[in-house]
Enquirer: 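Once you've had a glance at the structure underneath, I'll fire off some questions.
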There are 2 protein chains.
Amino acid sequence: MAKTDTLPPIAHPAREEITVEGVLRALADPVRLAIVRQLAATEHEVACGALTVPVTKSTITHHLSILRQAGVVAGRQEGTTRFNSLRRNDLDALFPGLLNGVLAAQR
Amino acid sequence: MAKTDTLPPIAHPAREEITVEGVLRALADPVRLAIVRQLAATEHEVACGALTVPVTKSTITHHLSILRQAGVVAGRQEGTTRFNSLRRNDLDALFPGLLNGVLAAQR
DNA sequence: GGATAAGTTCGATGAACGTCGTAGTTCGAC
DNA sequence: GTCGAACTACGACGTTCATCGAACTTATCC
C-alpha cells in the first residue's frame, strides 16, 4: 500500500566502469558460464525463467545480479518479466577476443 | 635422511585437460592476474622471487600452484629456482583471443 | 476483488578461498 | 660439513561465496 514512487530501472555499469577482473570473476562459475552460453546462443533476449540451469529461481536471480553488476549482461523489465541479453558490444570493445575465446571453448 | 628417490618434475595438465572454467577461475584474482601480466610482459621465464606482488612468498607459491594446475603457467625447476612462463600456445589454441582480450584490458 | 505467475529480497548455512607464519627440503657456495 | 637462499608443505584463521526456502512485490488474467 502506498508504494509506487521510486523504481530504479535496474542499474548497469557504464562501459568505462567495467573491469576485467570483475568480468573474469563473473564468468568463473559453472552456472553463470552456462547462463552466458545460453544468452550467446540466441539472438533474442531471454527471460530468467527460460534459462535452464540446475539451481533455484532465487539463485538464478543472484547470479544474474552478479553478471549485471560485472557488466556482462543487460536486463530490461517488461511487466513481471525480466529480459536478459549479453553486452557483446561493450565486452568486445573493452576486451577484444575475450568473449569469443570463452565461447569457443569445447570445455 | 634417506629420501632421494621420487621427485615429480612438477605436474602440469596436458593441453586437452585444460578447461575454460579452470582458466577463468585462475585469472579471477588480482594477485594472479598481476602475475600473468608480468609473465606476459617479458619473453623470458621469471623466478618466483622476481615477481612483484604484495603478498608473502608462501602465498605466491600457492597462487602459482593454482595457475599451474589450471594450465595457465608452466614451471621448470633449475637448482632451487623455479622458472615460470605463460602457456601462450596452449591457451591460444584452446581459447583463441581470450588471453589477448585479458591482456588488452586497461583495467 | 481474488488468484496466479515471474522475480526479488532476506536470512541462514556450509563450503571454498586468500592470507599468513612456521617448519621443512633442496641446492649451491664457502 | 655448515650456512644461506629459494621455494614448498602444512595448519590456522577470517572472509567471501553459492545455495536454499520462505516471505514479499508487482503485474496479468478471470
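Letters go in sequence order (proteins before strands), and every chain restarts at 1.
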Enquirer: Would you indicate whether the side-chain heavy atoms of A/L86 and A/L99 approach each other to under 4.5 Å?
Expert: yes
Enquirer: Between P on C/dC17 and CG on B/L33, what's the gap in Å once rounded to a whole number?
Expert: 18 Å
Enquirer: Going 5' to 3' through nucleotides 5-19 of chain D, assign each nucleotide B (protein heavy atom under 4.0 Å from a base atom), S (under 4.0 Å only from sugar-phosphate atoms) or - (no protein heavy atom that close).
Expert: -SSBB-------SSB
Enquirer: Tell me, do A/R68 and A/L64 make a side-chain contact under 4.5 Å, heavy atoms counted?
Expert: yes
Enquirer: For the pair made of CD in A/Q69 and P in C/dT8, what is the distance, rounded to whole Å?
Expert: 12 Å
Enquirer: I need the CG-P distance between B/L24 and C/dC17, as an integer number of Å.
Expert: 14 Å
Enquirer: Nearest 0.5 angstrom please: A/F95 CZ to A/D90 CG, how far?
Expert: 9.5 Å
Enquirer: Report all side-chain donor-acceptor pairs from residues 41-52 of chain B shorter than 3.5 Å, counting only partners two or more places apart or in another chain.
Expert:
from, atom 1, to, atom 2, distance (Å)
B/T42, OG1, B/H44, N, 3.1
B/T42, OG1, B/H44, ND1, 3.0
B/E45, OE1, B/R76, NE, 3.4
B/E45, OE1, B/R76, NH2, 2.5
B/E45, OE2, B/R76, NE, 3.2
B/T52, OG1, B/Q38, NE2, 3.3

Enquirer: Is the shortest heavy-atom distance from the side chain of B/L103 to the side chain of B/R37 under 4.5 Å?
Expert: yes
Enquirer: Could you state the atom-to-atom distance from CG of A/L51 to P of C/dA6 in whole Å?
Expert: 13 Å
Enquirer: Hey, quick one: are B/F83 and B/I60 part of the same hydrophobic cluster, counting side-chain heavy atoms closer than 4.5 Å, chains of contacts allowed?
Expert: no
